[in-house]
Asks: 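The structure that follows is given in the form of structure tokens.
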Amino acid sequence: MGHVEIPETDISGPVGLRGAPRPRTAASRNRTAALEQLWRAPTAQRDPAGRVPARRKPVHRASVGALTDLLALAGPAWLLLHLGEQPRPWLAAAVAGLLWTGLRGARGRYADPVRAEPGGAFGALGDWLVLLGVLAVLHAAAGGSVDPATAVVAVAPGLLAATAVEGLRAGRRGRAVRKVLLVGEAAGLDRAAELLNSRTDHAYQLVAAIPVGPGRPGFESVQVPGRLATCPADDDVTTVLGGAYAHDADLVLVAPGPQLTGDRLRRLGWGLHDAGIALSVVSELSGIAAGRVRPVTAAGLTLLHIAPPLRGGPQGILKAVLDRGGALFGLLVLSPLLLAVALCVRLSSRGPVFHRQVRQGQYNRPFTMWKFRTMVADAEARKAQLTEDNEVDGPLFKMRQDPRVTPVGRTLRRTSIDELPQLFNVLLGQMSLVGPRPPLPEEASRYDEREGRRLTVKPGLTGLWQVSGRSDLSWQETVSLDLWYVDNWSVATDMGLLARTVRAVTDGRGAY
């Protein structure tokens with residue numbers, strides 16, 4: 001790309017604004033030359049007038065995705081109900097299709113592939129199970145005459161179509177990356193960069209950073225193409241745009257602080273949006289699901305209303321019903337497997353079939369938890385000898401090659417079949433299908449205030465950390481995931497986690 005001359009008068013104000021020419025000092029001319037170097041980016045073409053080329057806006061796919069789901073479920077549903085001579089097939093198909101589309105839209109399935117909620121095929125399965133529950137409630141309330149078995153078969157094509165689409169979207173999401181330019185004071189940059197670089201379950205790639213003020217960022221691996229002055233300056237937008245174009249960034253992430261807020265941030269937003277570059281602002285909120293945050297404006301202020309965590313109400317009642325019903329159904333369906341496993345445990349090693357252990361439940365109340373025995377009979381007595389071999393931090397005790405585990409027990413642990421007797425605890429109301437794992441009394445006694453918040457909900461048979469790495473996670477990562485669930489759980493979240501548990505158990509990673 002050849003050299004492009006930029007008139008000095010164009011640099012004196014925000015991009016796109018022209019004013020009367022100003023006298024230029026030597027320092028100003030030097031700054032202009034430096035900015036010209038930034039603007040000579042191979043990823044951006046600029047015209048002699050200094051106009052900023054607009055980025056191409058992404059195609060909006062929400063309507064296409066919603067229409068696809070609607071037709072894929074309602075069309076086959078109408079045909080199957082009509083062939084089965086069910087009453088008013090068009091009405092039943094239309095209601096099911098609209099509920100399916102609304103449910104998936106509410107869960108963010110039609111969002112941009114980069115920003116969409118992860119879930120893939122298991123996300124579609126979770127949505128479909130919720131749809132069945134809603135349709136069952138409507139059927140019972142309205143006294144519908146449609147045969148339930150026929151209705152389930154009729155809406156099955158919608159699940160198959162959504163599974164296929166989600167698989168394609170997951171592939172695109174794996175390749176889609178948002179290149180991020182960080183802007184802010186040194187402390188804010190360090191915090192944002194550390195969080196972005198410490199995890200890989202997001203689509204944001206940090207490519208460069210522009211500090212505000214004289215402070216130096218603590219990271220060295222990220223390039224720094226420029227710097228903003230401590231006070232607002234005419235070249236704020238030019239500097240940020242130059243850095244964004246030089247590194248092909250499509251998102252500017254601002255960490256606000258005393259030197260970058262209010263009018264300065266608003267003017268920066270004007271310039272970025274005029275140039276077609278997205279702007280996001282780092283919030284101090286953490287561990288709060290987006291669904292609990294509602295932005296409102298008052299007296300010129302942008303306020304974020306945060307809904308309190310669910311602790312009861314209709315969703316709490318529905319969760320209790322699903323827990324008891326799911327546990328009873330699971331025990332009936334899995335009874336042959338439970339009997340076979342019990343026989344294997346009894347014949348493979350000396351000791352009882354079940355291992356009963358006191359655990360701490362909701363509000364730190366003790367209860368007896370059941371599981372299949374996977375260790376030798378005197379495992380608890382030998383635990384003190386293995387304390388120095390503990391492979392995890394915090395109050396937990398875990399070993400990849402625990403000598404106390406029997407050969408049959410190792411298989412049961414890898415497949416998590418040893419946990420199935422806890423369905424009895426769920427049936428008794430001591431546990432939930434989904435929730436944090438119940439700690440031992442000695443573990444709970446070492447909890448601080450933050451860790452103790454895990455005990456404000458019922459412990460679960462499965463949970464967020466089990467589907468996110470299981471025993472491969474550190475103690476603090478486990479606590480962070482559990483606290484996220486405690487504050488943001490919902491029945492829809494539980495359904496999604498149950499679906500993801502199937503994949504985690506099949507994978508077997510982190511189970512020992």
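Just so we're clear, the structure is a prediction, and the values are computed from it rather than from any experiment.
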Asks: In residues 324-331, what donor-acceptor pairs under 3.5 Å come from side-chain atoms, sequence neighbours left out?
Replies:
none

Asks: Do Arg413 and Val405 come close enough that some side-chain heavy atom pair is under 4.5 Å?
Replies: yes

Asks: Considering residues at least two apart in sequence or located in another chain, which fulfil the salt bridge (Lys or Arg N to Asp or Glu O under 4.0 Å) criterion with Arg454?
Replies: Asp482

Asks: Looking at Asp487 and Arg453, is there a salt bridge between them, counting it only when a charged N and a carboxylate O are closer than 4.0 Å?
Replies: yes

Asks: Does atom CZ (Phe367) have a neighbourhood of more than 12 heavy atoms from anything else shown, all under 6.0 Å?
Replies: yes

Asks: Give me the ring orientation class for Phe354 and Phe372: parallel if the planes are under 30° apart, tilted from 30 to 60°, perpendicular past 60°.
Replies: parallel

Asks: Considering residues at least two apart in sequence or located in another chain, which fulfil the salt bridge (Lys or Arg N to Asp or Glu O under 4.0 Å) criterion with Glu185?
Replies: none

Asks: For the residue pair Trp489 / Gln315, report whether a side-chain donor-acceptor contact shorter than 3.5 Å exists.
Replies: no

Asks: Does atom CZ of Arg450 have more than 12 heavy-atom neighbours, drawn from other residues, nucleotides or ligands, at distances under 6.0 Å?
Replies: yes

Asks: Does the side chain of Arg437 pick up a donor-acceptor pair with the side chain of Thr462 at under 3.5 Å?
Replies: no

Asks: Please list, chain by chain and in numerical order, all residues satisfying salt bridge (Lys or Arg N to Asp or Glu O under 4.0 Å) with Asp323, sequence neighbours excluded.
Replies: none

Asks: So, using salt bridge (Lys or Arg N to Asp or Glu O under 4.0 Å) as the criterion, who are the partners of Lys319 when residues are at least two apart?
Replies: Asp494

Asks: Can you list every salt bridge (Lys or Arg N to Asp or Glu O under 4.0 Å) pair that touches residues 350-368, not counting sequence neighbours?
Replies: none

Asks: If we only count heavy atoms from C-beta on, is the Leu423 to Leu461 side-chain gap below 4.5 Å?
Replies: yes

Asks: Compare all side-chain heavy atoms of Thr493 with those of Asn488 and state whether any distance is below 4.5 angstrom.
Replies: no

Asks: Does Arg104 make a cation-pi contact with Trp100, if we ask for NZ or CZ under 6.0 Å from the ring centre and within 45° of the axis?
Replies: yes

Asks: Is it true that the side chains of Thr415 and Arg410 contain a donor and an acceptor less than 3.5 Å apart?
Replies: no

Asks: Within a 6.0 Å radius of atom CD on Gln357, are there more than 12 heavy atoms belonging to other residues, nucleotides or ligands?
Replies: yes

